[in-house]
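As structure tokens, the structure follows; a few thoughts come after it.
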Amino acid sequence: MEKDASLEKPAEKSPFPANYLPAAVEPALCEKWEQGKLYHYDPSRPRKDTFVVDTPPPTVSGELHVGHVFSYVQTDILVRFQRMQGKNIFYPMGWDDNGLPTERRVQNLFGVRCDPALPYTPDYKPTGPKKDLKDYEHISRRNFLELCELQTAVDEQKYEALWRRFGLSVDWRQTYSTVGAHCRKTSQLSFLDLFEKGHVYSAEAPTLWDTTFKTAVAQAETEDREASGFFHDVKFGVEGGGEFVISTTRPELLAACIAVVAHPDDERFKPLFGKKAVTPLFSARVPIMPSYHANPEKGTGIMMICTFGDIADVEFWRKEKLPMRQLIGRDGRLVPAEFGGPLFDSADPAAANAVYAQLAGLYAKQARTRVVALLKEAGALVGDPKPTQQAVKFYEKGDMPLEFVPARQWYIKILGNKPQLLEQGKKVAWHPDYMYKRYEQWVEGLNQDWCISRQRYFGVPFPVWYPVDAEGNTEFSKPILAAPERLPLDPATDCPPGYKPEQRGLPGGFIGDPDVMDTWATSSLTPMISSRWADDKARHEKLFPADLRPQAHEIIRTWAFYTITKAWMHENSVPWHNAAISGWVVSPDKGKMSKSKGKTVTPDDLLVTYSADSLRYWAGKAKLGQDTVYDESVFKVGMRLATKLFNASKFTLMQMNGPAMAGAPALTPADITEPLDRAWVERMKALTEASGRDFANYESSAMLLYVETAFWDFCDNYLELVKNRAYSGTPAAARSACATLEWTLGVFLRLFAPFLPFITEEVWGWSYAAALKQPSVHKAAWPAAAEMAAVSGDERVLDAARKVLVAIRTKKAAEKRSVKWPVVKLNVDCGPKGAASLKLALEDVLLAGCVDKAGFSLNEAGSDDAEPVVAVELGAV
RNA sequence: GCGCGGUUAGCUCAGCGGUAGAGCGCCUCUCUUACACAGAGGAUGCCACAGGUUCAAAUCCUGUACCGCGCACCA
């Protein structure tokens, strides 16, 4: 509709901005906070006044997404509350630039491959991406590492800028990078300490192995994936006569069969125990043994044990001390094998070798097809393969099923320490508390020690060398450990004590441990990295254990578990007192948010469309631990709340500057005399008490909800009721309203500050900063009822007033009249108590409702148990 | 198979012994000393199902179903 120019209000002489423009205001406030050193940790204050956060270091590989914003904001909200409790905040930020993601990124970006055997090239300049794999430049580990550091530094700046823009109140002086010297030193020192304490050992053993990345992986990095496979019924012979059928999904492992087992009580197979089975195709004679592992109900009830199909095979092999016929090589192909030799038994070596010749060199999957064909030819396959769905173990970042491959690896002892680790987990307060169950279940289900060595290049090397004996064999049993004061070092370029560099790799010389550590071996130390356990004991004593570990639930089994483990092993302590577990952001169809689902909105895009406050509002609304739907309509609600805060604050402050208050002295609680104002104060006092309690209990999302409701009630009802009186009432009545408004607005700004740090800070700066000599709302004290100890009231006054006001509005809406339309008659039927309450606020009610005083009547003969009845008559047109 | 969450308005969720709630969306209306990026008002529910405890159950207990997740099994 066209506006009638003659109805335009005269321009208000307002000291406040006309419109709220978050895109301009928010970045300016970021700058102000940085200049004011608002979030700096103060090392001079005692531990008991300090709140220490063990921030999750985000993986630096590409882009932050909206899920990051969600969980990091949730942490920041908790931190901001603690800051307003007067705590000295230690809130660091780490960068996880270690491990495979960075390695792959740098390879592609610069067209390089790492070859640890090469010497370091000073002043090396990369030449850029390559089309062909064969064009990739091969460079030394140190050069490769330098490229990684170069690239991650660029990414880290981008991340930091975005985090600042979202208002994370991190102390940006407290940063670390997991590939930096300090973290390498800490990781290596951790290794030495655990070695000394006997928690670490190396062993040549079957290891979970990813054939694509050609590295060992830990149990925690594996995941099950559904795959379709086939049961193949394979006929086995029995030495001395007889046969039976085994159902297997991995016939390619037939050549690696070392035993056949059935349940000890299974009558069908009892007579066979002690005899030898003869495998088809290879004629290997293997023992038939009883094992509780075999399930009579499954397959044919009798199964083969191979080296190695799964963890059960490994355990059985280990327990029975059976021979190892390792078939799968590190690249996932079948290795050469000689039947009739010491390892690969066969009653007919020539035939076995002829068969195996067709298999050697094939990938496991190809070998499977080939074996099945050969079995069929040999008449050893019973019936057709039967399709089945099975769960197959994968490395979480890999595309090929994991195999068990024997290799020398470093392990941290977990299995023997389960009871202690469960106990440590119980000492942590988990939020929500049921998340402890996940920890418990994971620890109970562990079946391997923690394998910490990886056959990769980019990562923290082990500070270990081995002597090479006169024959040129590496003596793994005699590791030479580095001295702590030399850390960090790289055994590939540094030299062990007592040796000369030119002795490297020679008989009588030495060789560096070729492996790097699992990235979690470093990540598990984050609270000790930021406390500087490795080089500043005093600081460490002060900052460890931390107060809060925020993290997502899917890494309870890795990050949380490993951190608890290391804190216990190193310091006999929990790493932190509280673990706040955030949920995931899920797409509207309830799947996990991912790029493949077409949700490629970046946080930067969202900042343009909405604002930091509005996204923070969305994150703040979600309960800890609970997955949350990505829903832009919630951003809009957050946006609206920020705008409302802006406008309501502006209006409130304008009312307080009306003619009634001109030149009046500063307001105090003693000014609050009107019953309606006191009723409102009463309500706000209850609100502040509840909010502090709920926030401390990690229930901030619930608190945001009711604070928001109260704020809307403030705008729609209380403010509407008192605005006239505040602006132009009698001096005492105006002072009462203004004092209430001033305190109330200050309370709301503080209650919202952790969630909406920008708009609250902006408004705070208009009047409170100077009046209270507290430049930032984020350093202001959390509101408390004690601030209004001198004021008490009866909330029924507020309720009575609100009810009448709502009835008047309802009538006007029904009659399609504007809110300002005059009311000529108003009658209220209620009980004596209701009447008494209403009378105390009557002036305000009549004024706010535009009611003709002469037309008002009150019938107080009714019952106080019944709802009051309000009859409204509007003026004629 | 075991465990943990969940199932409430069209959607997203809060409530967790005392008259079913919010926001979004929808409908109607309204420029009012801030806010039309707004406000006022309205419609909308066998609180998954079945039993039990209780004066009283969405809420507590016991089962069942379904959804999500974790763990284990995976010949």
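Chain naming here is simple, since letters A, B, ... match the order of the sequence lines and numbering starts at 1 in each.
Under the side chain to side chain donor-acceptor pair (under 3.5 Å) criterion, A:Tyr718 pairs with A:Asp677, sequence neighbours left out.
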Under a cut-off of 3.5 Å for both distances of each Watson-Crick or G-U pair, what dot-bracket string does RNA chain B give, using [ ] for crossing pairs and | for inter-strand pairs? ((((((((.[[[[.)..(..]]]].(((((.......))))).....[[[[[..)....]]]]])))))))....
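The same atom, P, is picked in B:C74 and in B:G5; the two are 27 Å apart, to the nearest Å. Separation of the C1' atoms belonging to B:C24 and B:U32 is 26 Å when rounded to the nearest angstrom. Going from the P atom of B:C47 to that of B:C26 covers 27 Å, rounded to whole Å.
Among the nucleotides B:A14, B:U33, B:C74, the one closest to the side chain of A:Gln626 is B:A14. You'll find that the side chain of A:Lys650 is closest to B:A34, out of B:U33, B:C37, B:A34. With B:U12, B:G15, B:U30 as the candidates, the nucleotide lying closest to the side chain of A:Ser818 is B:U30.
Between A:Lys623 and B:G15, a side-chain N or O to OP1/OP2 separation shorter than 4.0 Å is present. In this model, the phosphate group of B:C71 is approached by a side-chain N or O of A:Arg557 to a distance below 4.0 Å at OP1 or OP2. The shortest distance between the side-chain N/O atoms of A:Gln441 and the OP1/OP2 oxygens of B:G1 is not below 4.0 Å. Checking the phosphate oxygens (OP1, OP2) of B:C2, no side-chain nitrogen or oxygen of A:Lys437 falls inside 4.0 Å.
Each salt bridge (charged side-chain N to carboxylate O under 4.0 Å, His left out) pair with one or both residues in residues 299-316 of chain A, not counting sequence neighbours, would appear here, but there are none.
Cation-pi geometry between A:Arg225 and A:Phe394 is met: under 6.0 angstrom from the ring centre, within 45 degrees of the axis.
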Donor-acceptor pairs are to be reported for all side-chain atoms of residues 381-388 of chain A against protein atoms at under 3.5 Å, with residues two or more places apart or in another chain.
residue, atom, partner, partner atom, Å
A:Lys386, NZ, A:Asp233, OD2, 2.9

Do any side-chain atoms of residues 634-642 of chain A form donor-acceptor pairs under 3.5 angstrom with protein atoms, and if so which ones, sequence neighbours left out?
none

Identify each atom pair where a protein N or O and an N or O of nucleotides 23-26 of chain B are less than 3.5 Å apart, giving names and distance.
residue, atom, partner, partner atom, Å
B:C24, OP1, A:Arg640, NH1, 3.3
B:C24, OP1, A:Arg640, NH2, 3.2

